[in-house]
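Here is the structure we will look at, set down as structure tokens.
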Amino acid sequence: MKELYGKALLDDPACTKSTAFTREERKRYGLNGLLPYDVANISKQKERVLENMRRKSSDIEKYIFLNALLDRNQRLFYRTMIDHMDEILPLVYTPTVGEACKEFAHIFRRPQGLYITPEDRGEMESVLGNWPGKDIRIIVVTDGERILGLGDLGANGMGIPIGKVALYVACAGIPPAYCMPVMLDVGTNNEPLREDPLYLGYPHSRLKGDEYLLMVDEFVQAVQVRFPNALIQFEDFLTPNAFDFLDRYGAKVCCFNDDIQGTAAVTLAGVYSSCRITQKQFSDLRIMFLGTGSAAGGTAELMVSAFVAHGLSEQQARERLWFIDRKGLVVSTNQMIKPRIRPFAHAHAPCSFVDAIADIRPDVLIGATGVAGTFTEQVVRQMAAVNERPVIIALSNPTSHTECTAEEAYRWSDGRVIFASGSPFEAVRYQEKYFYPGQGNNAYIFPGIGLGIYASSARLITENMFLAAAEVLANLVTEEEISKGSVYPALTRVRQVSRSIAVRICQIAMREGLVDEKLPEDLDEYIQSLMYEPNY
């Protein structure tokens with residue numbers, strides 16, 4: 001590759017150091033006169049970034065600013081994000097990414113990621129070849145049909161893969177050159193979006209049926225040809241498609257669905273951790289889900305495997321798991337039960353949500369509805385009535401769609417709840433005491449899974465990997481964090497979490513015969529050596 005020189009070097013986001021180029025480098029690379037006098041190292045540049053970002057009056061403006069920085073200076077962006085994870089992750093991903101997706105066409109600056117439309121059918125292998133990176137290891141792909149709790153956002157959903165790729169890099173150290181965000185732009189049924197004159201996507205109704213499936217098939221097959229070592233992460237697909245793709249491709253190619261499996265693992269980890277506070281045995285728990293979508297269904301299926309690993313039979317495990325839908329308790333006499341939920345429809349009289357809590361007495365309540373306010377005061381108080389320390393996990397995001405806020409959960413339970421959520425919440429003061437809600441962020445899981453696959457070149461991702469990831473995550477919660485009521489570790493330690501998960505992924509991949517070459521004995525040191533450190 002030809003060495004970059006002069007303005008071309010300054011303008012290359014992966015190679016530039018901007019004002020950090022030394023006097024010698026400025027002379028060597030023809031940069032004299034192209035930069036101000038001061039040689040500002042990355043620490044000083046980071047201070048400038050933070051000062052300018054914090055001047056912005058809204059989170060969406062901060063998102064735009066950070067996205068522009070990523071386009072301009074990749075290493076500075078990631079250095080700043082890693083060193084200020086608590087502050088920047090919510091701006092780069094949830095909850096701010098939800099607003100960014102809604103406004104994506106209006107705030108668009110420069111293209112990021114790869115767009116594939118129905119007009120590319122028959123040529124997807126060629127389209128993938130247009131991507132500048134030739135050794136892609138991580139692909140995050142969406143079709144934009146079920147973006148967070150916001151619904152069909154069409155090509156605007158590209159904000160999700162872009163954000164997830166940023167998390168792979170910052171949270172697990174996957175080198176940026178090995179990552180690719182992809183939008184399968186198959187149209188949108190969101191008419192106001194299609195009619196927006198600034199909308200950038202394929203301006204037609206969504207592809208459906210066999211035509212849609214053939215397009216996804218071609219994409220998956222083209223990836224195997226162009227990027228045979230790539231992991232495919234399916235993201236924010238409609239629930240039936242999400243499960244269908246896992247069934248269709250999961251045993252053939254290296255792929256997973258973060259909404260199903262990532263959410264399941266991070267939720268299971270939170271439940272494991274909660275047992276350290278409640279002093280209950282995991283195998284004794286009864287768990288109730290509000291919602292029957294991909295997140296709830298996937299979490300229940302992983303929990304069955306977890307219960308079995310703790311000594312229960314599959315039937316006993318399913319009997320510990322209950323579902324609530326719009327009509328109330330899902331029971332065996334219900335009509336039109338989703339196929340993945342039917343094994344959890346037990347013999348019981350139909351009843352309301354609150355009555356089901358009173359009768360079944362769940363230890364843990366998990367919300368995955370995408371509907372704000374569904375954990376009402378009556379629901380939370382009923383959970384507190386049947387538990388000394390009720391565990392409530394409100395998974396839905398962005399924040400505007402969460403089932404209840406942290407403040408509501410603590411207040412309505414008289415400060416007894418163990419609360420976690422998909423969206424971030426600040427510490428809550430209630431009756432002169434501070435409570436620290438945990439955030440069940442998938443960033444604790446999928447980056448570590450990806451790092452383990454990258455390190456091992458494993459051919460497939462298995463359920464045991466997600467069970468192990470949940471166990472590793474739960475074990476990394478410190479006693480101090482537990483004492484504050486948090487069931488997850490601080491986000492500032494997410495790279496340590498990812499590295500620890502990656503070690504376990506490599507061990508499982510070797511044990512299950514998914515690795516072609518022997519890996520080094522010191523896996524932790526080996527994995528750390530692979531992790532991208534954005535410095536200059």
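Predicted model only: the values in this text are computed from it and were never measured.
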[X] side-chain N/O to [Y] backbone N/O, donor-acceptor pair under 3.5 Å:
{"X": "T263", "Y": "D259", "answer": "yes"}
{"X": "T399", "Y": "S423", "answer": "no"}
{"X": "R320", "Y": "M303", "answer": "no"}
{"X": "R495", "Y": "A170", "answer": "yes"}
{"X": "K62", "Y": "L91", "answer": "no"}
{"X": "K327", "Y": "I324", "answer": "no"}
{"X": "D236", "Y": "T142", "answer": "no"}
{"X": "D185", "Y": "G201", "answer": "no"}
{"X": "T96", "Y": "P90", "answer": "yes"}

Is it true that [Y] and [X] share a donor-acceptor pair across their side chains at a distance under 3.5 Å?
{"X": "Q233", "Y": "Y168", "result": "yes"}
{"X": "T239", "Y": "R340", "result": "no"}
{"X": "S396", "Y": "E403", "result": "yes"}
{"X": "Y93", "Y": "N441", "result": "no"}
{"X": "S457", "Y": "N229", "result": "no"}

- prompt: Is it the case that R137 places NZ or CZ above or below the six-membered ring of Y454, under 6.0 angstrom from the centre and within 45 degrees of the axis?
  reply: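 Checked: cation-pi criterion not met.
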Atom CD of E314: over 12 foreign heavy atoms under 6.0 Å: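 It does not: E314 CD has 12 such atoms or fewer within range.
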query: Is the number of heavy atoms from other residues, nucleotides or ligands under 6.0 Å of D247 CG greater than 12?
result: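 Check passes, neighbour count above 12.
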Interatomic distance, [X] atom [atom1] to [Y] atom [atom2] [nearest 0.5 angstrom]:
{"X": "L395", "Y": "T267", "atom1": "CG", "atom2": "OG1", "value": "4.0 Å"}
{"X": "I138", "Y": "F227", "atom1": "CD1", "atom2": "CZ", "value": "13.0 Å"}
{"X": "D152", "Y": "T188", "atom1": "CG", "atom2": "OG1", "value": "3.0 Å"}
{"X": "I287", "Y": "L268", "atom1": "CD1", "atom2": "CG", "value": "8.0 Å"}
{"X": "E99", "Y": "L148", "atom1": "CD", "atom2": "CG", "value": "12.5 Å"}
{"X": "L460", "Y": "E512", "atom1": "CG", "atom2": "CD", "value": "9.5 Å"}

Aromatic ring pairing [X]/[Y], orientation class (parallel under 30°, perpendicular over 60°, tilted between):
{"X": "Y532", "Y": "Y78", "result": "perpendicular"}
{"X": "Y444", "Y": "Y488", "result": "parallel"}
{"X": "F237", "Y": "F234", "result": "perpendicular"}

Minimum heavy-atom separation for [X] and [Y], please, with both atom names.
{"X": "K56", "Y": "E61", "result": "CB-CB, 3.9 Å"}
{"X": "Y272", "Y": "A306", "result": "OH-CB, 3.5 Å"}
{"X": "G448", "Y": "I501", "result": "C-CG2, 3.7 Å"}
{"X": "M465", "Y": "I505", "result": "CB-CD1, 3.5 Å"}
{"X": "L329", "Y": "A356", "result": "CD1-CB, 4.1 Å"}
{"X": "L150", "Y": "K102", "result": "CD1-CG, 4.1 Å"}

Report yes if the side chains of [X] and [Y] come closer than 4.5 Å at any heavy-atom pair, otherwise no.
{"X": "E319", "Y": "Q315", "value": "yes"}
{"X": "Y63", "Y": "D59", "value": "no"}
{"X": "L70", "Y": "V92", "value": "no"}
{"X": "W322", "Y": "H348", "value": "yes"}
{"X": "Y212", "Y": "N241", "value": "yes"}
{"X": "P362", "Y": "I357", "value": "yes"}
{"X": "F446", "Y": "E235", "value": "no"}
{"X": "H106", "Y": "D196", "value": "yes"}

- prompt: If you measure from the Lys or Arg side-chain nitrogens to the Asp or Glu carboxylate oxygens, is any gap between E218 and R121 under 4.0 Å?
  reply: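 Salt bridge: no.
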message: Salt bridge or not between E145 and K208? Use side-chain N to carboxylate O under 4.0 Å.
response: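 Salt bridge between E145 and K208, a charged N being under 4.0 Å from a carboxylate O: yes.
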- prompt: Can I337 and F323 be said to form a side chain to side chain contact (heavy atoms under 4.5 Å, CB included), step by step?
  reply: CA-CA 11 Å; I337 302 173; F323 278 82; over 6 Å; no
field: side chain to side chain contact (heavy atoms under 4.5 Å, CB included) between I174 and L451, worked out
entry: CA-CA 6 Å; I174 309 288; L451 180 58; 3.9 Å; yes
Worked check of salt bridge (Lys or Arg N to Asp or Glu O under 4.0 Å) between R109 and D71: CA-CA 9 Å; R109 299 296 191 271; D71 273 341; over 6 Å; no
- prompt: Between F256 and F466, does the ring centre distance come in under 6.0 Å?
  reply: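 Yes.
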- prompt: Would I260 and E301 count as a side chain to side chain contact (heavy atoms under 4.5 Å, CB included) if you check the C-alpha gap in whole Å, the side-chain angles of each, and the deciding distance to 0.1 Å?
  reply: CA-CA 9 Å; I260 297 172; E301 290 180 356; 5.6 Å; no
- request: Begin from the C-alpha positions of E471 and R504 and carry the test side chain to side chain contact (heavy atoms under 4.5 Å, CB included) through to its verdict.
  value: CA-CA 10 Å; E471 183 180 317; R504 287 289 295 277; 3.8 Å; yes
